[in-house]
Amino acid sequence: MKVLIFGSGGREHALAWAVKRSPRVTEVVCAPGNGGIAQIARCVPVDLKDVAAMVRLAEAEQPGLTIVGPELPLSLGIVDALQERGLRVFGPTRAAAMLETSKGFAKRFLQRHNIPTASYAVCANLAELEKAVEFFHPPIVVKADGLHAGKGVIICPSRHTALEAAQDLLSGKLLGETEQHILIEEFLEGDEISFLCLSDGKHVVPLAPAQDHKRIGEGDTGPNTGGMGVYSSDAMLDAGMTEWILRHIAVPTIYGMASEDAPFTGVLYCGLMMTARGPQVLEFNARFGDPETQAILLRLESDLVDALEACIDGRLAETELRWSPGASACVVASSAGYPGSYKTGFPITGLKDAARVPGVQVFHSGSAHSGSAQSGGKLLTAGGRVLGVTAAAPSLEDALARAYEAMALIHFDGIYYRRDIGHRALRRTP
Ligand code: AMP
Ligand code: GLY
């Protein structure tokens, strides 16, 4: 079977790596891919904002399975367009992806279905905001409605600063484009967990849980990023808590979407806050997380292609996933300056030595070849997040030690990575 993957990040590198391990897969094509993906798959250029071009590519390639990585093409309806042409595609329709693409839709949906989440108000102008803000106790969370890669969330210490932030979002001062709707939310405290599940529209199978580190700085300081590292371990959630989250959050979400005629097929990523009142939904994503996927797929022993096909065919009830026991961790190496402006084009060295550390896979997020991959061109940095050095081991300590041992062998000009990935979990371990 030929598999086509849309996307260009570390998530897509991990997907290509996992898909390639399936004995049924003969070829992996990734569009547009990156320098690391080009070492294991055929990369083809495509603009992920151009659904018509993506459809033309899929029709020309005729893959047996297409996997959509990022949210942007999902929000533009790539799954609907491929389905209309009879192509088998893994991912939610545009209507189902609303769980991610509109925070207002997601909050109203959660409320309609009694799924635990922070209390909130959706406002369209200053008058509504002034009225709503009185119902919230500081700190107050202010969010833009649409997709902003984590940049549309501001935590405000007072009602006054919340109103200012909301106005700056409405006027476009904060994000460069004006917002139609603003959300105000109760501030939740606790540990964040990324709880991802596969769904065929009716059934849910959880993936191994993960914890992301969104801030650029050690000790969770500084601005938000796409994710600077992640770990996954058996100890994060016990069987009882997993069952609770499935029963009260994941399953009601899938049933709710089906009952509203937008059945959700794909990966439902529940961003949860583990509060004193129990798990609460912070946000949904309608896709695999990045860098969660790198750590999660390194632990997956089952055939990923079989599992994704079971989702497409509505056979997930018969599917059980096997995981390697223990833990995994992914440490992201970024370019100096990220998440602000940064330079690219610096040679990356030490990758071969890093890959020889037992249990380690280096997934590329932003790299490119100076020539063609086949001609042995040099690998250069090409993004803010450059690499995700990922390792699995019987314990979280060992997984982190392996990832950091491999990371120490890698060099590029301005390389930065957090040295405290997973440390919160290690402190809790007696
Ligand atoms: P979101 O894009 O909605 O996931 O928000 C990005 C990040 O902001 C989350 O991962 C949390 O760290 C933080 N955040 C969002 N909503 C809340 C909330 N209600 N309370 C506390 N932190 C939040
Ligand atoms: N790691 C967070 C995300 O994928 O949205």
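Relative orientation of the Tyr404 and Tyr417 rings is tilted, given thresholds of 30° and 60° on the angle between their planes. In this pair, Phe288 and Phe90 present their aromatic rings tilted. The plane angle is within the 30 to 60° band.
Side chains of Ser194 and Glu292: a donor on one and an acceptor on the other come within 3.5 Å. Under 3.5 Å, the side chains of Ser232 and Arg299 contain a donor-acceptor pair of N or O atoms. Between the side chains of Glu185 and Tyr120, no donor N or O sits under 3.5 Å from an acceptor N or O. For Glu260 and His113, the side-chain atoms include at least one donor-acceptor pair closer than 3.5 Å. Checked by atom type, the side-chain pair Glu100/Tyr269 shows no donor-acceptor distance below 3.5 Å.
Between the Arg88 side chain and the Thr66 main chain, no donor and acceptor come within less than 3.5 Å of each other. Using a distance-only test at 3.5 Å, with no hydrogens or angles considered, no donor-acceptor pair links the side chain of Gln111 to the main chain of Phe109. Judged by distance alone, the side chain of Thr293 and the main-chain N or O of Asp290 form no donor-acceptor pair under 3.5 Å. Checking side-chain atoms of Thr381 against main-chain N and O of Phe346 turns up a donor-acceptor pair under 3.5 Å. Glu71 contributes no side-chain N or O that, together with a main-chain N or O of Thr101, makes up a donor-acceptor pair within less than 3.5 Å. In this structure, the side chain of Arg402 does not engage the main chain of Thr390 through any donor-acceptor pair within 3.5 Å. A donor-acceptor pair under 3.5 Å is absent between the side-chain atoms of Arg385 and the main chain of Ser334, judged by distance alone. No donor-acceptor pair under 3.5 Å is formed between the side chain of His369 and the backbone N or O of Lys378. A donor-acceptor contact shorter than 3.5 Å links the side chain of Thr225 to the backbone of Lys214. Under the 3.5 Å distance criterion, the side-chain polar atoms of Gln280 are left unmatched by any main-chain donor or acceptor of Leu272.
Between Leu82 and Val55 there is a side-chain heavy-atom pair separated by less than 4.5 Å. Residues Pro339 and Pro223 are in side-chain contact: their nearest non-hydrogen atoms beyond the backbone lie under 4.5 Å apart. With contacts defined as side-chain heavy-atom distances shorter than 4.5 Å, the pair Ile67/Val19 qualifies. Side-chain contact check for Val153 versus Val142: every heavy-atom pair is 4.5 Å or farther apart. The side-chain heavy atoms of Val122 and Ile182, taken from C-beta on, include no pair separated by under 4.5 Å.
Rounding to the nearest 0.5 Å gives a distance of 10.0 Å between OG1 of Thr319 and CG of Leu308. Considering NZ of Lys20 and CD1 of Ile5, their distance stands at 10.5 Å, rounded to 0.5 Å. Atom CZ in Arg108 sits 13.0 Å away from atom OG1 in Thr117 (nearest 0.5 Å). Between Cys43 atom SG and Asn34 atom CG the span is 6.5 Å, to the nearest 0.5 Å. Between Thr349 atom OG1 and Leu409 atom CG the span is 9.5 Å, to the nearest 0.5 Å. Taking CG of Leu4 as the reference point, atom CG of Leu65 lies at 8.5 Å (rounded to 0.5 Å).
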Given the rule in the side chain to side chain contact (heavy atoms under 4.5 Å, CB included) test, do Phe264 and Thr253 qualify, once you have shown the distances and angles that lead to the verdict? CA-CA 9 Å; Phe264 187 100; Thr253 300; over 6 Å; no
Evaluate side chain to side chain contact (heavy atoms under 4.5 Å, CB included) for Leu163 paired with Arg159, printing each intermediate quantity in order. CA-CA 6 Å; Leu163 284 174; Arg159 293 197 179 91; 5.6 Å; no
Verify salt bridge (Lys or Arg N to Asp or Glu O under 4.0 Å) between Asp200 and Lys202, making sure each step is shown before the conclusion. CA-CA 6 Å; Asp200 61 4; Lys202 296 191 281 291; 5.3 Å; no
Could you check Ser367 against Leu379 for side chain to side chain contact (heavy atoms under 4.5 Å, CB included), going step by step and ending with a plain yes or no? CA-CA 6 Å; Ser367 74; Leu379 267 174; 3.8 Å; yes
Given the rule in the salt bridge (Lys or Arg N to Asp or Glu O under 4.0 Å) test, do Arg85 and Asp80 qualify, once you have shown the distances and angles that lead to the verdict? CA-CA 9 Å; Arg85 285 157 182 86; Asp80 313 57; over 6 Å; no
Worked verdict on Glu84 versus Arg94 for salt bridge (Lys or Arg N to Asp or Glu O under 4.0 Å): CA-CA 13 Å; Glu84 274 164 28; Arg94 182 184 193 150; over 6 Å; no
Before giving the answer on side chain to side chain contact (heavy atoms under 4.5 Å, CB included), spell out for Asp191 and Met273 the whole-Å C-alpha distance, their side-chain angles and the decisive distance to 0.1 Å. CA-CA 6 Å; Asp191 266 342; Met273 191 71 97; over 6 Å; no
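Closest of all the heavy-atom pairs between Asn285 and Glu283 is OD1-OE1, 3.4 Å. Closest non-hydrogen pair, Gln294 versus Arg11, comes out as NE2-N, 3.5 Å. Here the closest heavy-atom approach between residue Phe195 and residue Ala250 is recorded as CE2-CB, 4.5 Å. Considering every non-hydrogen atom in both Pro206 and Trp323, the closest pair reads O-CZ2, 4.2 Å. Contact detail for Ala399 and Ala393: the closest heavy-atom pair is N-CB, 3.4 Å. Nearest heavy-atom pair across Leu297 and Ala18 is CD1-CB, 4.0 Å.
More than 12 non-hydrogen atoms from other residues, nucleotides or ligands lie less than 6.0 angstrom from CZ of Phe105. Surrounding CD of Glu320 are at most 12 heavy atoms belonging to other residues, nucleotides or ligands under 6.0 Å away. In the displayed structure, Glu189 atom CD is contacted under 6.0 Å by at most 12 heavy atoms of other residues, nucleotides or ligands.
Under 4.0 Å is where a charged nitrogen must lie from a carboxylate oxygen, and between Arg215 and Glu192 no such pair does.
Residue Phe6 is tested with Leu74, Val29, Leu57, Leu15 for a side-chain contact (heavy atoms from CB on, under 4.5 Å); the sole match is Leu57.
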